[in-house]
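Below is one structure; the comments refer to it alone.
Worth saying up front: this structure is predicted, and the values here are computed from it rather than measured. The figures that follow rest on heavy atoms only: side chains count, while hydrogens, waters and symmetry mates do not.
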Amino acid sequence: MGLNRNLPARDAGYQNVQYIRKTLGVSDMGKVVKLGTIPAGALILKPQSGVQVNTVFNSATTTVLDIGSAADGDLYATDLDVKTAAAFLPLDEAVSMLVTADTELTATLAETGAAATAGSAVVVIAFLPNN
């Protein structure tokens with residue numbers, strides 16, 4: 001089940017860096033995966049947030065990942081290429097990283113061509129709450 005699923009926004013009560021982390025695989029393809037909720041006033045640390053591709057996705061043509069919110073599925077990252085290399089891919093959108101309301105974050109994998117049979121990536125969102 002994991003931490004911070006179906007719970008109020010996570011805040012440990014200290015102004016230290018906190019994380020939301022979720023592993024994605026081929027079974028998540030085409031689904032909107034809920035990552036967790038970060039609290040109002042939190043600041044997402046863009047350089048520390050993104051996806052660590054551990055095993056590249058082997059779809060025939062492309063496999064990409066969007067990271068966003070329930071309201072905007074690619075607000076923080078659009079079409080990160082999780083097929084080409086096992087590497088850390090940071091968030092790539094130039095939007096405000098200050099969250100004004102409790103915000104549920106999401107990730108969506110999409111592919112073209114024959115379906116992937118292998119692939120694993122970990123989405124990491126680092127944030128500072130506003131205590």
Side-chain angles (χ1 to χ4, degrees):
M1 177 121 170
L3 225 117
N4 201 33
R5 310 267 192 285
N6 301 317
L7 297 173
R10 185 161 106 192
D11 186 346
Y14 302 98
Q15 277 191 314
N16 57 349
V17 178
Q18 297 177 48
Y19 298 89
I20 291 177
R21 175 182 161 176
K22 175 73 175 160
T23 300
L24 302 175
V26 293
S27 64
D28 297 306
M29 198 65 65
K31 299 176 184 173
V32 176
V33 177
K34 295 178 181 180
L35 302 174
T37 303
I38 60 175
L43 177 65
I44 295 174
L45 301 175
K46 187 174 180 178
Q48 294 176 310
S49 299
V51 61
Q52 173 62 48
V53 180
N54 294 319
T55 304
V56 296
F57 288 77
N58 65 349
S59 60
T61 310
T62 64
T63 307
V64 295
L65 174 69
D66 290 345
I67 300 171
S69 67
D72 184 348
D74 63 357
L75 181 62
Y76 301 112
T78 304
D79 292 345
L80 297 178
D81 181 359
V82 295
K83 179 179 170 46
T84 303
F88 182 77
L89 307 172
L91 300 180
D92 67 349
E93 293 296 326
V95 297
S96 172
M97 294 292 144
L98 181 63
V99 176
T100 57
D102 286 4
T103 302
E104 181 177 72
L105 300 181
T106 62
T108 308
L109 281 167
E111 64 186 346
T112 59
T117 58
S120 177
V122 180
V123 176
V124 176
I125 303 297
F127 66 95
L128 283 170
N130 184 24
N131 294 9

Working for side-chain contact (heavy atoms from CB on, under 4.5 Å), residues Met97 and Phe127: CA-CA 9 Å; Met97 294 292 144; Phe127 66 95; over 6 Å; no
Supply the atom-to-atom distance [X] [atom1] to [Y] [atom2], rounded to the nearest 0.5 angstrom.
X	Y	atom1	atom2	result
Leu35	Thr106	CG	OG1	6.5 Å
Thr100	Asn130	OG1	CG	12.0 Å
Phe57	Leu109	CZ	CG	5.0 Å
Ile125	Gln18	CD1	CD	13.5 Å
Asp66	Leu75	CG	CG	11.0 Å

[X] versus [Y], closest heavy-atom pair with distance:
X	Y	answer
Ala107	Leu24	CB-CD1, 3.9 Å
Leu128	Val17	CD2-N, 3.6 Å
Asp81	Leu89	O-CD1, 3.2 Å

Donor-acceptor pair, side chain of [X] and main chain of [Y], under 3.5 angstrom:
X	Y	result
Asp92	Thr78	yes
Ser49	Ala126	yes
Lys34	Glu104	no
Lys46	Glu93	yes
Glu111	Ala116	yes
Asp102	Ala40	yes
Thr112	Thr62	yes
Asp72	Ser69	no

Hydrogens and angles aside, do Asn58 and Thr117 bring a side-chain donor and acceptor to less than 3.5 Å of each other?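 Judged by distance alone, the side chains do pair up.
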Run the side-chain contact (heavy atoms from CB on, under 4.5 Å) test on Met29 and Thr63 for me, step by step, so that the C-alpha distance in whole Å, both residues' side-chain angles and the decisive distance to 0.1 Å come before the verdict. CA-CA 9 Å; Met29 198 65 65; Thr63 307; 3.8 Å; yes
Would a 4.5 Å heavy-atom cut-off, applied to side chains only, mark Tyr76 and Leu105 as touching?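 A side-chain contact exists here, since the closest heavy-atom pair is under 4.5 Å.
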Leu65 vs Val123, test: side-chain contact (heavy atoms from CB on, under 4.5 Å). Steps then yes/no. CA-CA 10 Å; Leu65 174 69; Val123 176; 4.0 Å; yes
Tell me whether Val95 shares a hydrophobic cluster with Val99, the cluster being built from Ile, Leu, Val, Met, Phe, Trp, Tyr side chains joined at under 4.5 Å.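 Per the 4.5 Å side-chain linkage, Val95 and Val99 are co-clustered.
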Verify the cluster assignment for Val32 and Val64: are they in a single hydrophobic cluster under the rule of side-chain heavy atoms below 4.5 Å apart?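 Cluster IDs for Val32 and Val64 differ.
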